Undergrad: 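My questions all concern the structure below.
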Amino acid sequence: MSTPYSRITGTGSYLPPRRVTNDDLARELAGRGIETSDQWIVERTGIRARHFAEPDVTSSELALHASRHALEAAGRSASDVDLIIVATSTPDMVFPSSASILQHKLGVAGCPAFDVQAVCSGFIYALTVADAMIRTGTARCALVVGAEVFSRILDFSDRTTCVLFGDGAGAVVLEASDTPGILASDIHADGSHVGILCTPGHVSGGQVTGTPLLHMDGQAVFKLAVRVLEDAARTVLKKAGKTDADIDWLIPHQANIRIMQGTARKLKLPMDKLVVTVHEHGNTSAASIPLALDAAVRDGQVKKGDTVMLEGVGGGFTWGAVLLNM
Ligand code: UT7
């Protein structure tokens, strides 16, 4: 049976315990002859620390903890879930999906489970897909997760990228609802920019070929991000029949405080409506938005009934936004 709306009924997140400050990282990189500093990283990005998973901890493991917290917050158990979508660019294996592995770890079977790969926009894509599946009656209770172990694909000889990223997971339970939750979404990709943010390795003939470590042209990504984030925000506001003034909270992908503040300024939002976790999490790619959302819910910033703008941007090039009522 189709339903008019989908709505978030619970959020959860999980960070691996090992917290690495900029000074810790600078010391580690100095041992490799690479110079960086807390001052440079804070000034250019806003990042002060990130979390790194231990070598045997996978995305699905981080996803499991975040999912349990989200299910608990929603008052649901894993057996209530009839759809699992995991947004990740650092899956446990080439295949099967981390969503299938997560399903098994949750102790359930049968419901559809699949990964979405849209890099740092992955959670926006996954939420958009889950919303559409709920509104068409394919699912009623979806677990939507962003989970990453970007530390696995960082090139620790490249100071322009390795200081930016971290590991973590965030999750939401999205359920069929008679009252509006997700108000509008807007997702895009432009594959002509593949080369500016990529991990250009693959498995072929039993070997990894190409470069299996992250490469980014930071300035090119920065310029594109600022432009497309404003466009996506304006589009979802228009689709939902809302204006800038209706936004209670802006939760952008947590990559760089300067991009986030630039977007808030363009939307004429005061900085105290911007949810910021990048200082403590770094850029956790597909996990960053649900991690920030859960942090804001748990510390009492985002409350039931608030109107929240989520925005993602990343490799692909991909971007998008979701406007929702909590
Ligand atoms: O998740 C997807 C979205 N990703 C993003 O949004 C990332 C977007 N890009 C950015 O956030 C920024 O471009 C960066 C943070 C990556 C770089 O900041 P920037 O202000 O664009 O710096 P830059 O690349 O222009 O580098 C400035 C200087 C350079 O030195 P010279 O050429 O001026 O002598 C770099 O070599 O800073 C140097 N530099 C560093 N110095 C100390 C680059 N990385 C570091 C470092 N520590 N880690």
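We number each residue from 1, following the sequence as shown. For clarity, every value in this text was computed on a predicted model and none was experimentally measured. In listed order, ligands and their atoms are each counted from 1.
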Undergrad: Quick one: which ligand 1 atoms are inside 4.0 Å of a heavy atom on Met216?
TA: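 Answer for ligand 1: 4 (N), 7 (C).
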Undergrad: Answer yes or no: is there a side-chain heavy-atom contact under 4.5 Å between Thr11 and Val302?
TA: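 They are not in contact (no side-chain heavy atoms under 4.5 Å apart), so the answer is no.
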Undergrad: Quick check on atom 9 (N) of ligand 1 - does any protein heavy atom sit closer than 4.0 Å to it?
TA: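 There is a protein heavy atom less than 4.0 Å from atom 9 (N) of ligand 1.
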Undergrad: If the cut-off is 4.0 Å to any non-hydrogen atom of Val163, which atoms of ligand 1 fall inside it?
TA: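 Within the 4.0 Å cut-off of Val163, ligand 1 contributes 48 (N).
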Undergrad: What atoms of ligand 1 come within less than 4.0 Å of a heavy atom belonging to His253?
TA: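 With His253 as reference, the close atoms of ligand 1 come out as 1 (O), 2 (C).
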Undergrad: Would you say Asp167 and Ser151 are linked by a side-chain donor-acceptor pair, where the criterion is simply a distance under 3.5 Å?
TA: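 There is such a pair (donor and acceptor under 3.5 Å, judged by atom type) between the side chains of Ser151 and Asp167.
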Undergrad: Assess, by modelled atom type and distance only, whether the side chains of Asp246 and Thr307 contain a donor and an acceptor separated by less than 3.5 Å.
TA: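 The criterion, which ignores hydrogens and geometry beyond distance, is not satisfied for Thr307 and Asp246.
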Undergrad: Closest non-hydrogen protein atom to atom 47 (N) of ligand 1, residue and atom name please, with distance?
TA: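 Looking only at protein heavy atoms, the one closest to atom 47 (N) of ligand 1 is Thr36 OG1, 2.7 Å.
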Undergrad: Does ligand 1 come near enough to Asn283 that some N or O of the ligand is less than 3.5 Å from an N or O of the residue?
TA: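 Yes - when backbone and side-chain N and O of Asn283 are compared with those of ligand 1, one distance drops under 3.5 Å.
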Undergrad: How long is the span from the CG atom in Asn22 to the CG atom in Asp38, to the nearest 0.5 Å?
TA: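 These two atoms lie 4.5 Å from each other.
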Undergrad: At under 4.0 Å between heavy atoms, which part of Val119 makes contact with ligand 1: side chain, backbone, both or neither?
TA: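 For Val119, no heavy atom sits under 4.0 Å from ligand 1.
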Undergrad: Taking atom types as modelled, find out whether His215 and Asp155 have a side-chain donor-acceptor pair closer than 3.5 angstrom.
TA: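 No - no donor-acceptor pair under 3.5 Å links their side chains.
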Undergrad: Can an N or O of Ser37 be found at a distance shorter than 3.5 Å from an N or O of ligand 1?
TA: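 By distance alone, the answer is no.
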Undergrad: For residues 25-37, which residue pairs qualify under side chain to side chain donor-acceptor pair (under 3.5 Å), counting only residues two or more places apart or in two chains?
TA: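 Matches after skipping sequence neighbours: Asp24-Arg27.
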Undergrad: State, yes or no, whether a side-chain contact exists between Val42 and Arg48 at a heavy-atom distance under 4.5 Å.
TA: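 Yes, side chains in contact.
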Undergrad: Only one of His253, Gln254, His281 passes side-chain hydrogen bond (donor to acceptor under 3.5 Å, both in side chains) with Ser288; say which it is.
TA: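 Checked His253, Gln254, His281 against Ser288; only one passes side-chain hydrogen bond (donor to acceptor under 3.5 Å, both in side chains): His253.
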Undergrad: Give a yes or no on whether a salt bridge exists between Arg68 and Glu72, defined as a side-chain N under 4.0 angstrom from a carboxylate O.
TA: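 Glu72 and Arg68: not salt-bridged.
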Undergrad: Distance under 4.0 Å to a non-hydrogen atom of Thr45: what atoms of ligand 1 satisfy this?
TA: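 Taking each heavy atom of Thr45 in turn, ligand 1 has 15 (C) under 4.0 Å.
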Undergrad: With no hydrogens and no angle check, just 3.5 Å: does a side-chain donor-acceptor pair link Thr21 and Asp23?
TA: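 Short answer, no.
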Undergrad: Measure from atom 33 (O) of ligand 1 to the protein's non-hydrogen atoms and state whether any distance is below 4.0 Å.
TA: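 It does not; no protein heavy atom is within 4.0 Å.
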Undergrad: Is it the case that the side chains of Glu148 and Thr90 hold a donor-acceptor pair, with the cut-off being a distance below 3.5 Å and no angle test?
TA: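 Note: Thr90 and Glu148 side chains meet the donor-acceptor criterion.
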Undergrad: Just need the protein heavy atom nearest to atom 11 (O) of ligand 1, so name the residue and atom and give the distance.
TA: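 Protein heavy atom at minimum distance: Asn256 ND2, 2.7 Å.
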Undergrad: Which residue supplies the protein heavy atom nearest to atom 4 (N) of ligand 1, what is that atom called, and how far is it?
TA: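 That would be Val221 CG1, 3.5 Å.
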Undergrad: Under 4.0 Å from atom 14 (C) of ligand 1, is there any protein heavy atom?
TA: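 No, no protein heavy atom sits under 4.0 Å from atom 14 (C) of ligand 1.
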Undergrad: What is the closest protein heavy atom to atom 28 (C) of ligand 1, and at what distance does it sit?
TA: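 Going by distance alone, atom 28 (C) of ligand 1 is nearest to Trp40 NE1, 4.1 Å.
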Undergrad: Using the test ring pair (Phe, Tyr, Trp, His ring centres under 6.0 Å), find all partners of His65 that sit at least two apart in sequence or belong to another chain.
TA: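 Here the qualifying residues are Tyr14.
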Undergrad: Residue-level breakdown please: for Leu197 versus ligand 1, do any non-hydrogen atoms fall below 4.0 Å on the side chain, on the backbone, on both, or on neither?
TA: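 Within the 4.0 Å criterion, Leu197 contacts ligand 1 through side-chain atoms alone.
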Undergrad: List ligand 1 atoms under 4.0 Å from Arg258, heavy atoms only on the residue side.
TA: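 Per the distance check, 18 (O), 19 (P), 20 (O).
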Undergrad: Do Phe165 and ligand 1 have an N or O pair less than 3.5 Å apart?
TA: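 No; the residue has no nitrogen or oxygen that sits under 3.5 Å from a nitrogen or oxygen of the ligand.
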Undergrad: Which residue holds the protein heavy atom closest to atom 38 (C) of ligand 1, what is that atom called, and what is the gap in Å?
TA: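 Ranked first by proximity to atom 38 (C) of ligand 1 is Arg159 NH2, 3.7 Å.
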Undergrad: I'd like to check atom 20 (O) of ligand 1 in this structure: does the protein have a heavy atom lying under 4.0 Å from it?
TA: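 Flag for atom 20 (O) of ligand 1 set to true, protein heavy atom closer than 4.0 Å.
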Undergrad: Between Asp244 and Arg234, is there a side-chain N and carboxylate O pair less than 4.0 Å apart?
TA: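 So Asp244 pairs with Arg234 through a salt bridge.
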Undergrad: If hydrogens are left out, which of Gln39, Lys223, Gln219 has an atom nearest to atom 23 (P) of ligand 1, that is, the closest non-hydrogen atom?
TA: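 Considering heavy atoms of Gln39, Lys223, Gln219, the nearest to atom 23 (P) of ligand 1 sits in Gln219.
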Undergrad: Which of the numbered atoms in ligand 1 are below 4.0 angstrom from a heavy atom of Cys120?
TA: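 That gives atoms 1 (O), 2 (C) of ligand 1.
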Undergrad: Once you restrict to heavy atoms under 4.0 Å, what part of Ala225 touches ligand 1? Side chain, backbone, both or neither.
TA: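 The answer is neither.
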